[in-house]
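Quick notes on the structure that follows.
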Amino acid sequence: MDTLYWILIVIGAVVVAAVVAGLICFKAGYAKRKRIAEAEIGSAEAEKVRILEEANKAANTKKKEALLEAKEEILKAKNDFDAEVKDRRAELTRQERRVAAKEEILDKKTEALEKKEENLEKKDETLNRKIKENEDREAELGKIREQQFQELQKISGMTAEEARAKLVADLVTDVRHEQAMKLTELEEEFKAEADVKAKNIISLAIQRCAADQVAEATVSVVPLPSEDMKGRIIGREGRNIRAIETATGVDLIIDDTPEAITISGFDPIRREVARLALEKLISDGRIHPSRIEDMVEKAKSEVEASIRQAGEKATFETGIHGFTPDMIKLLGKLKFRTSYGQNVLNHSIEVSLLSGIIADELGCDSTLAKRAGLLHDIGKALTNEVEGSHVQLGVEIAKKYKEGREVIHAIEAHHGDVEPQTMIAIIVQAADAISAARPGARRENLENYIKRLTKLEEIAGSFNGVEKTYAIQAGREIRIMVKPEVVTDDEMPLVARDIVKKIESELEYPGQIKVNIIRESRAVDYAK
């Protein structure tokens, strides 16, 4: 306890001593800081005085410099103004001189114009005098011309109307000569270019469309296994043959031809039904009226299926789609239709392919051309059922099934019934001619062939100046001999064109006909 007391006393004494020492140090520091602050304040006052003096000196210097610069600017502006005034005065002087010079020039021009006016007045007087003199001379010349005209009439023995008619006739002859020469020149120029392009296009089209060159022959003959079968087909009192003819709508011709029956009928589809039915009956061996009806119905079903398949095959081969089932059926019927021995469906497919190739070469719509080519003979599917030409029927069918206007026009124009107005119609017309006129595509009977050649020679011989005509190359060319004293060289192109137009309007023919006119003038003499 006493120790703690003494410790506390010692600690208190130390604290008191520390506080006293701190107060002494603080008092001493405060006095020192006060001295330092007073010294700094004194030096700051001196620095302030020095800065103010230097600022006054700098301000005076700047003021003097500003005054000098202002004086220099004023002097420079005065000099510039004096120079500008001087330049303007000089420019005004030049303008005054130029105006004076222009006034002088104008005065000279005015004088010159006055002189020209005087000269023009003098010339007008001279011109009027000369005009009057010319009028007097023209009147005198008119009298002289009238006298000369009367003397010419007396000398020539021709009136004015006769001389005018002769002049017009000579002028017409000259114009026809120039027309024929120009026509010949243009035709040669066009042919030289058109033949090359046409040959290239047609040769390429024919090369790419490889088709058979043998005409199809429709033979409606059914072979029989034996002669006994004829009696079975005829039946008791002819009931079987009458049943077949009634069910099929054809006539059966049983003659002396061994082991064969000929089917006669105007409708090729009916002939096909009868042929299939007979073959089935012969194969089955049971021939009686009820069996005949069954076989005919089966044959009709098979023919209908064959027609539909043929139509679908045609659209597939040509790549043309979007036909209605009725239109496909009509296309299939063309399989059983022939023209001069050429199968119409195969011909239509070939025309479609050729039209597409030619259209591609000419930059036209090949799909549209192929569609028009495939349908161009569609009317032949109904020619055995409805009256009218196949062109008219084809147009009606196309309109009925909502075909495009260009397709309808191509069908209508492919035989020249109307003038072709579109490239598609011209292409189809050309493709039809290529397919029908190629060697072996068609055949015609001898009687029609001779009639066509005779008519061709008659048309050519009906023109004035034609001496002889010869149809050669199976009617593909006609050579015409003309009288040289009637037809001149210049008139030959015109005569050829007239003959061509008449052939096109009066004669029906496949392909094209070359008109070759020959004129020969000979001079013969004998030395004695």
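Residue numbers count from 1 along this sequence.
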How far apart are the C-alpha atoms of E403 and L375, what are their side-chain angles, what is the distance that settles it, and do they pass the side-chain contact (heavy atoms from CB on, under 4.5 Å) test? CA-CA 10 Å; E403 289 294 331; L375 298 178; 3.7 Å; yes
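- Heavy-atom neighbours of E65 CD from other residues, nucleotides or ligands within 6.0 Å: above the threshold of 12.
- The closest side-chain heavy-atom distance from R98 to E103 is not below 4.5 Å.
- Checking L353, I349, L374 one by one against E317, the side chain to side chain contact (heavy atoms under 4.5 Å, CB included) holds for a single residue, I349.
- I478 has its side chain out of reach of K514: every pair of non-hydrogen atoms, C-beta onward, lies at least 4.5 Å apart.
- Expressed to the nearest 0.5 Å, how far CD1 of I499 lies from NZ of K502 amounts to 9.5 Å.
- Closest of all the heavy-atom pairs between R308 and I328 is O-CG2, 4.0 Å.
- Using a cutoff of 4.0 Å between basic side-chain nitrogens and carboxylate oxygens, R275 and E279 are scored as salt-bridged.
- A cation-pi geometry, defined here as NZ or CZ lying under 6.0 Å from the six-membered ring centre and within 45° of its normal, does not hold between R270 and F336.
- Remark: I378 CD1 to S348 OG distance equals 7.0 Å, nearest 0.5 Å.
- Looking at S366 and D360, their side chains do bring a donor and an acceptor atom within 3.5 Å of each other.
- Using modelled atom types, one finds a donor on one side chain and an acceptor on the other under 3.5 Å when comparing E91 with Q95.
- We find that E396 and K400 are not joined by a salt bridge, their nearest charged nitrogen and carboxylate oxygen being 4.0 Å or further apart.
- Counting only heavy atoms from C-beta outward, the side chains of F81 and K76 never approach each other to under 4.5 Å.
- Between the CG atom of D489 and the CD1 atom of I517 there is a distance of 11.5 Å, given to the nearest 0.5 Å.
- Residues I503 and I513 form a side-chain contact, since some pair of their non-hydrogen atoms from C-beta on lies under 4.5 Å apart.
- Within the 4.5 Å cutoff, side-chain heavy atoms of V418 are placed close to those of H409.
- Counting only heavy atoms from C-beta outward, the side chains of L393 and S389 never approach each other to under 4.5 Å.
- The two residues R371 and V407 come nearest to each other via the heavy atoms CD-CG2, 4.4 Å.
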Evaluate E302 against K298 for salt bridge (Lys or Arg N to Asp or Glu O under 4.0 Å), listing each step before the verdict. CA-CA 6 Å; E302 290 183 6; K298 289 182 180 179; over 6 Å; no
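- No hydrogens or angles considered: a donor-acceptor pair under 3.5 Å links the side chains of H376 and H347.
- Minimum heavy-atom separation, A398 to I411: CB-CD1, 3.8 Å.
- Listed by chain and residue number, K335 satisfy the side-chain hydrogen bond (donor to acceptor under 3.5 Å, both in side chains) test with S306 (two or more places apart in sequence, or in another chain).
- Between the side chain of K370 and the backbone N or O of T318, at least one donor-acceptor pair lies under 3.5 Å.
- Between M327 atom CE and K402 atom NZ the span is 10.5 Å, to the nearest 0.5 Å.
- Of the inter-residue distances, the one linking E272 atom CD with T248 atom OG1 reads 12.0 Å to the nearest 0.5 angstrom.
- Residues I105 and K109 have side chains in contact (heavy-atom distance under 4.5 Å, counting atoms from C-beta outward).
- For the pair A369 and I424, the tightest heavy-atom approach, listed with the atom from each and the gap, is CB-CD1, 3.9 Å.
- Closest non-hydrogen pair, G373 versus S355, comes out as CA-OG, 4.2 Å.
- Note: Q429 CD to D432 CG = 8.0 Å, rounded to the nearest 0.5 Å.
- Residue pairs meeting the salt bridge (charged side-chain N to carboxylate O under 4.0 Å, His left out) criterion with at least one partner in residues 120-129, sequence neighbours excluded, are absent.
- Here the shortest heavy-atom pairing between N343 and L334 reads OD1-O, 3.9 Å.
- A salt bridge links D377 and K380; the closest N-O separation between the charged side-chain nitrogens and carboxylate oxygens is under 4.0 Å.
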